[in-house]
Amino acid sequence: MKSLKLIFPFIILCCVGIYSCSDDDSGNSTNADSFDRQAMLANWADDIIIPAYQDFNAKVTTLKTASDAFEAVPNAANFNTLRQTWEAAYITWQNVSMFNIGPTQSSFLRSFLNIYPTNTANVDANINSGNYALQDINRNDEQGFPALDYLLFGLAETDAEILAFYTSNTNADNYLTYLTDVVNRINTLTNTVVTEWEGDYKTTFVNNSGNSANSSTNILVNEYMKYYEVFFRNGKIGTPAGVFSAGMQTPENVEAFYKKDLSKTLCLEALDALQNFFRGTGYNETTTIQSLESYLDFLNTMKNGEDLSGLINNQFDTSRVLISDLDANFYEQINTNNMQMLEAFEALQDNVVLLKSDMMSALSINIAFESNDGD
Amino acid sequence: MLHNITTYLKHPVKAAPLAVFRIIFGGLVLFSTLRFLSQNWVEIYYINPTFHFKYFCFEFVKDFGEYTYILYAITLLASLGILLGYKYRLSAVLFFLSFTYCELIDKTYYLNHYYFVSIIGFLLIFLPAHRYFSVDAIRNSKLAFSHIPRYNIFVIQLMLFIVYFYAGLAKINSDWLFRAMPLQIWLPSLYDLPLLGDLFQKQWVHYLMSWSGMLYDLSIPFLLFYKRTRIFAFGLVVVFHILTRVLFPIGIFPYVMILSSLIFFDAAFHERIIGLIRQLFKIKHIAQNRTLYWVPNVKNRFVTGLFVLFFSFQFLFPFRYLLYPDELFWTEQGYRYSWRVMLMEKGGYVQYKIVNPETKDWFYVNHTEFLTEYQEKQLRTQADFILQFAHFLEGHFRTQGIKNPEVYVDSYISLNGRLSKRFIDPNIDLTKIKDSWKHKDWILPFNDKIYGF
């Protein structure tokens, strides 16, 4: 039978298949030519995510100390320190904002800490009534860093006038209380999340190394993509530049709108964090570990494809150049020359193609979470 | 020659294989419908989405909101009717109509398996699958026949032949055979399967799987058809489909194919199955020994003509892609209804841009507002989805006060590991384009070649 010969290779395959199915102990044997995804997860947790959270937690603790000091003695010096610690914590926040998984996700950390623009009318109302529940998810735009931005820089024109709200204002006590409450809430939320990451969740995260839609790699890479598109590209650049609103620029939607000269710093920090995660650069280190870049390179060597990771890194670099050219104050930039904002947006957009279309496809990571049948 | 063929097809054979097929098919679609309901997919797929992607020519098919469940209730009862052979014709008609209607609501969920189920449902309407071992045959002995013309079994076998063989033909292409794509992308991601996971990191495994998959699809209908190789072939069918079940999320389709291929087995085998069922459910045996002959009356002539037309269509329709220029995998013109399964890994990116021609203002659309993740996934890689959604956006922004919105799209596709390339002409205002059977010349050229079918 000629046809029998034809399917001979298939029989071998079946034998191999049956043999291997009956063998269950091989688990995570490391192979010279295999990429160890579990090691990647462990690296992510140990060298990037947890160190970044710990640093952020430290900055938040400093912020709280400064806020307590200011509450006790509301003078100009303490106010200045408080502002500086806020700025430091806000910058460090950009390094952890993308890790929306596990305890971070379940505590809505990002949602409570950095939804902007902040709702100043509600913040004012909260202060006047002294009656508010910051745990309510619907009140996520009345707290976090953007609310502090308003409270520390946006209450009035001059520094002296702002400080006066906490000292000589008839409602000064209420202002002080609200400020402290917002800082305390950041502190509590961050503490909880960091403790969980340092504790049991890290093991859960590393052990969930499969390839299902609910595996750590799939969720985190999807979150990475979502953060890049929605919170980074759109939130920091696209939306204020009017990309989604019929040419209607909304510069008041920039991050750190009241501090004004911080928006570019925050944006660049976030860009670095995104690229460092892609490259696997350890937090505050220069050494790289296994991450998306090495994963892509591994898959690429196998199929002799294009140097995708190189293209992605180039595009990160191009974006960095364009963003660096922007005014330190995006509000100013949008009002004077929005074209430059749009160019930066397009550069970030070009990387979405590489990340979402090419990388996700190469890693065979499903973008849709819903369970469904395929062909 | 023709005479030989008609004699072969008219020749009376035992009805047991068709009866068993009826039971199996009824049982599987019953189970499949229950599974669909239990996953809450009716709500997720049909009720929740604000927008549905319509099949070309079937734009009139609407979902009924909460009442879509009534369609599923009909499908459920009809599958039970098919299983039992109770009011069989009515059941088959209702099953075909209700099942197909649900499929037509939104092409996001198109799967070749569902198309296959629709087709079998259609064929069953015209097959005397209720003449033997059915409630109908027990209730009305005039209906009962122990022998039926062979063509009634042959059409099912022929349909299975088409599914396998065409799936095999489609695998004869340079991406599948010489680049081991897309298995080379998919298999390494299954690293956590015991031992197989490590094997899947090796390139020779990807090639072996590609080639053996192609040879399997092409040869299996023949191996099943010839008695000497049948049992061996069935073994392959089982192993192959279990393997695909382990590797890919393909629902109940592997079981449909495994159990359907039993239709190739001879009547004695099926009579044993029926014997088992009789024992299990204590159904008493009623001796029947009547033969249903094919007589050239109007009804039989009509059905014969219908089958000839139907299979001519099935043989030719998958080749319609030859009428379109450029690469099939790129444009997907003629991709559906052609038994092309698991041939492509596509990543994609779409960004819609709305321009108000009066003010020259433009803005991007956040299309996730209107679509589910599943719908968006399909949108990213298929031109007809992109066009249809552009028309939806045109309507939407008209109501938002833009008199004549222009809709442009920034769209990229990466196909089988190639670097992303721009897919749709970004300078074309999609509101000016009508979908048709004609070539979509607003798709940019692929500028690459995939050889083969």
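So that the names make sense, note that chain A is the first sequence line, chain B the second, and so on, each numbered from 1.
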Subject >> Enclosure of B/I172 CD1 (heavy-atom neighbours >12, cutoff 6.0 Å) >> reply: yes
Subject >> Crowding at CZ, B/F397 (>12 non-hydrogen neighbours, <6.0 Å) >> reply: yes
Original post:
Quick one: what part of B/I354 sits under 4.5 Å from any heavy atom of chain A, side chain, backbone, both or neither?
Top reply: neither
**OP:** Quick one: closest heavy-atom pair of B/I185 and A/S364, and the distance?
**Re:** O-CB, 3.8 Å
Original post:
Do other residues, nucleotides or ligands put more than 12 heavy atoms under 6.0 Å from the NZ atom of A/K226?
Top reply: no
**OP:** Give a yes or no on this: more than 12 heavy atoms of other residues, nucleotides or ligands lie within 6.0 Å of atom CZ of A/F108.
**Re:** no
**OP:** Establish, from distance only, whether the side-chain atoms of A/Q349 and B/Y349 form a donor-acceptor pair under 3.5 Å.
**Re:** yes
Original post:
So what's closer than 4.5 Å to chain A heavy atoms on B/I242: side chain, backbone, both or neither?
Top reply: neither
Original post:
Does A/S209 offer a backbone N or O that forms a donor-acceptor pair with the side chain of B/Y191 under 3.5 Å?
Top reply: yes
**OP:** Of all the heavy-atom pairs spanning B/E345 and A/S361, show the shortest one and how long it is.
**Re:** OE2-OG, 3.1 Å
Subject >> Structural part of A/L363 lying under 4.5 Å from a heavy atom of chain B >> reply: backbone
Subject >> Residue pair A/V230, B/T368: steps toward the side chain to side chain contact (heavy atoms under 4.5 Å, CB included) verdict >> reply: CA-CA 11 Å; A/V230 179; B/T368 49; over 6 Å; no
**OP:** Could you go through the side chain to side chain contact (heavy atoms under 4.5 Å, CB included) check for B/Y412 and A/K356 one step at a time?
**Re:** CA-CA 10 Å; B/Y412 291 83; A/K356 198 170 184 175; over 6 Å; no
**OP:** Using a 4.5 Å cut-off on heavy atoms from C-beta on, say whether the side chain of B/F363 contacts that of A/M248.
**Re:** no
Original post:
B/N366 and A/F244: which non-hydrogen atoms are nearest, and at how many Å?
Top reply: N-CD2, 4.2 Å
Original post:
Can you check whether B/G347's main-chain N or O pairs, donor with acceptor, with A/S357's side chain at less than 3.5 Å?
Top reply: yes
Subject >> Atom pair OG (B/S420) and CG (A/D350), whose distance is rounded to the nearest 0.5 Å >> reply: 11.0 Å
Acceptor/donor pairs from residues 340-348 of chain A side chains to any protein atom, 3.5 angstrom cut, sequence neighbours excluded:
{"unit_1": "A/Q340", "atom_1": "OE1", "unit_2": "A/Q333", "atom_2": "NE2", "d": "3.0"}
{"unit_1": "A/Q340", "atom_1": "OE1", "unit_2": "A/N337", "atom_2": "ND2", "d": "3.4"}
{"unit_1": "A/E346", "atom_1": "OE2", "unit_2": "B/Y364", "atom_2": "OH", "d": "2.8"}

Subject >> A/L308 CG to B/L419 CG distance, which is reported to the nearest 0.5 Å >> reply: 6.5 Å
